[in-house]
Amino acid sequence: MKLVAHSFINASGLYVNGTRQIDLTGEENFLKKAYSELNIDYSKFHKMDNLSKLAFLATELMNEVVSFPAEGEGMQLIFANQSSSKQTDMRFIDSYANQGSPSPSLFVYTLPNIVTGELCIRHKWYGENTFFIQPAFQSAQFIEQAELAFSKGNTQCLCAWVDAKWQGNEECFLFLIDHSEGLLKPTELLEIYKSYTHE
Amino acid sequence: MIPVYVTYGALISPLGETKEMHVLALKANQSGIRKVEKSGFNGEDWYLAKIEGLSENRFDQLFQKGCAALIQSLGKDILSSPSTRVILSSTKANLSDVETDAFESMRRLTIELLAVAHEPIVISNACVSGVLAINTAADLIRTEKCDDVIVIGVDAVFDFVVYGFQSLFAMSDEPCRPFDKHRKGISLGEGFGSVWLSRKQHNDFCVRYLAGSSSNDANHISGPSRTGEGLYRAVKRTLLRAERQPTAIDFISAHGTGTLYNDDMESVAFNRLQMQHIPVNSFKGYFGHTLGAAGVIETYTSLLSMEYNLLFKNEGALEPGTAETINVLTQNQQQEVTCVLKTASGFGGGNAAFLMEKLDV
């Protein structure tokens, strides 16, 4: 398997294949700023929680350098994070504990896989997908899952580590792997992830 | 292709803690759903399938009970073998730890209590988590990553989830009635379900996992597709991979939550798949909707149907009535049960399915 492309977003910027495309340092609302910088017109973005916004933006940016298969055919989504939908969970608890009543618009975002749902809606993807919880970014698990996906006839895997622990501690590392010749090692993937997060 | 066999792990639910207790309860069509006073946000009395005797820390306690039952039924050796992996499936895990890490205790308890050789894999993909976990388990065995996989699905009833479904007007004010004409919504439940997938046969009653798949509706994050697109595609791919026709299927263990739109969506998908004549049930009328545990619990109970050649009535449906007509089981039915389709659908537009088939031994 081969790494085709990768993108990354956190409060410092929006990157693709290791290069910063948009500087977001010092932005009060870096997600909103990134959205406006990308010149996208997708009103559903504003309804999304931060977890979905992160993955949405990283995918939009990657889409500028690669094209995804129509209907996501043969492309499995392998997504993971550590804190599930924690940020929205806390906001939903606040809605009923302190604000008077449970908020339905928050509740529907209290599952991590809403992220993959949002991407499938945006891109009309009907492929296979699974959301995992990992104690930290586990490159080996992504690669193992990609092997499983390829063994079933898929030819690409769109993978993401997308985590939103609390306001200001949010990141999405998105990477596209395909089935072609090559041996992608977990260490290689981990190095790329680290190169983004330790900058 | 490397064969994959499916058999029982353990099951802890309001109906009992052993296989025998569940057989008896299901045969007698006993439901675990009860009225729970003042369980709603405004003091409403919702119907829930809660396990009696669980303390404040109910998730961890449920998980501990489940692990003890697993050790009892499978023995310690298989659990701690280096060629065994564990997959955990849960939507909210120990939600009372949400401020720190809701998924930490489940991982830790698996390592401590089951003495597993590898860190467990955790899947959290709404209501399709359990079916995805079983599909992932089979894929791990087929690609020779391991010989055995223990799949555990677990979720507990938390106010958070009750209030959430209440805010969506999805809670039924009577025990849920999946696929019924007058269904009013869901009854939440809690449970620990486990099945064991292996490349070896372990008993005379022998069921082979054939194939599975998943698909997104690409339609709405919380509303099911009106055309059942994702479910249709997930089942289509499953049939293709399993090299089976719909005519081979004896029984569908469907998702059937009891909400108007979900059950209609499933009826549409099954009609598109030419499966409207196949006996179908939802087990939610017995266990409530146990979220991340549902797919695993319902696989366990489908195995019971295969072992005893007995299809269980779709508890709660007095008068089936969905957008398209499907063959809802309104009473228990003794018949040969060889090939079973398991499906699940959930928030985020997720759908998943797999086929399993009994072998003559």
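Side-chain atoms are counted along with the backbone in the values below, which use heavy atoms only and exclude waters and symmetry mates.
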Most heavy-atom pairs under 4.5 Å with chain A, out of Ala102(B), Gly348(B), Ser124(B), belong to Ser124(B)
Bottom line for Ser101(A): the part with an atom under 4.5 Å from chain B's heavy atoms is both
Rounded to the nearest 0.5 Å, the OH atom of Tyr109(A) sits from the CZ atom of Phe347(B) at a distance of 12.0 Å
Scanning both residues in full, the closest heavy-atom pair of Phe92(A) with Tyr163(B) reads CZ-C, 4.2 Å
Counting heavy-atom pairs under 4.5 angstrom with chain B, the leader among Val115(A), Leu119(A), Thr110(A), Ile93(A) is Thr110(A)
Interface check, chain B: of Gln76(A), Glu144(A), Lys165(A), most non-hydrogen pairs under 4.5 Å belong to Glu144(A)
If one checks every heavy atom of Asp217(B) against chain A at 4.5 Å, the contacting part turns out to be backbone
Worksheet entry | Over 12 non-hydrogen atoms of neighbours within 6.0 angstrom of CZ in Arg108(B) | yes
**Report entry** Electrostatic pair Arg233(B):Glu128(A) at N-O distance under 4.0 angstrom
**Finding:** no
Original post:
Are the side chains of Met90(A) and Val98(B) in touch, meaning some heavy atoms are under 4.5 Å apart?
Top reply: yes
Mind running ring-ring contact (aromatic ring centres under 6.0 Å, His included) on Phe107(A) and Phe165(B) for me, showing each step along the way? CA-CA 8 Å; Phe107(A) 181 65; Phe165(B) 279 105; 5.2 Å; yes
Determine whether Arg237(B) and Lys152(A) make a side-chain contact, defined as any pair of heavy atoms from C-beta on separated by less than 4.5 Å. no
Okay, Thr143(B) and chain A: the region with an atom under 4.5 Å from a heavy atom over there is side chain
The reported gap from CG in Asp89(A) to NZ in Lys92(B) (rounded to nearest 0.5 angstrom) is 3.5 Å
Distance col, row Ser215(B):OG vs Glu71(A):CD, nearest 0.5 angstrom, shows 9.5 Å
Residue from Ser151(A), Gly72(A), Gly127(A) scoring the most non-hydrogen pairs under 4.5 Å with chain B is Gly127(A)
Separation between CZ (Phe132(A)) and OG1 (Thr136(B)), nearest 0.5 Å, reads 5.0 Å
**Asked** Does the side chain of Ile121(B) reach to within under 4.5 Å of the side chain of Gln141(A), using non-hydrogen atoms?
**Response** yes
Turns out that what part of Ser83(A) lies under 4.5 Å from chain B's heavy atoms comes down to neither
Between Lys86(A) and Glu99(B), is there a salt bridge with N-O shorter than 4.0 Å?
-> no
Output for pair (Gln82(A) CD, Glu104(B) CD), nearest 0.5 Å, gives 10.0 Å
Bottom line for Ser89(B): the part with an atom under 4.5 Å from chain A's heavy atoms is neither
Interface check, chain A: of Asp139(B), Asp159(B), Thr91(B), most non-hydrogen pairs under 4.5 Å belong to Asp139(B)
The interface call for Gln166(B) against chain A, heavy-atom contacts under 4.5 Å, is neither
If one checks every heavy atom of Ile221(B) against chain A at 4.5 Å, the contacting part turns out to be both
query: Can you check whether Asn216(B) reaches Tyr126(A) side chain to side chain, under 4.5 Å on heavy atoms?
result: no
One should read off an interatomic distance between Ser167(B) OG and Tyr96(A) OH, to the nearest 0.5 angstrom, of 11.0 Å
### Query
Any donor-acceptor pair under 3.5 Å linking the side chain of Asn113(A) with the backbone of Ala126(B)?
yes
So, the part of Phe103(B) with a heavy atom under 4.5 Å from chain A: the answer is side chain
Given Ala352(B), Ala211(B), Gly349(B), Gly164(B), the one with more heavy-atom pairs under 4.5 angstrom with chain A than any other is Gly164(B)
Applying a strict 4.5 Å limit to non-hydrogen atoms, the region of Arg142(B) in contact with chain A is neither
In terms of heavy-atom pairs under 4.5 Å with chain B, the winner among Ile133(A), Leu111(A), Asn129(A) is Ile133(A)
Ranking Ala149(A), Ser85(A), Pro135(A) by heavy-atom pairs under 4.5 Å to chain B gives rank one to Pro135(A)
Honestly, the part of Asn219(B) sitting under 4.5 Å from a heavy atom of chain A is backbone
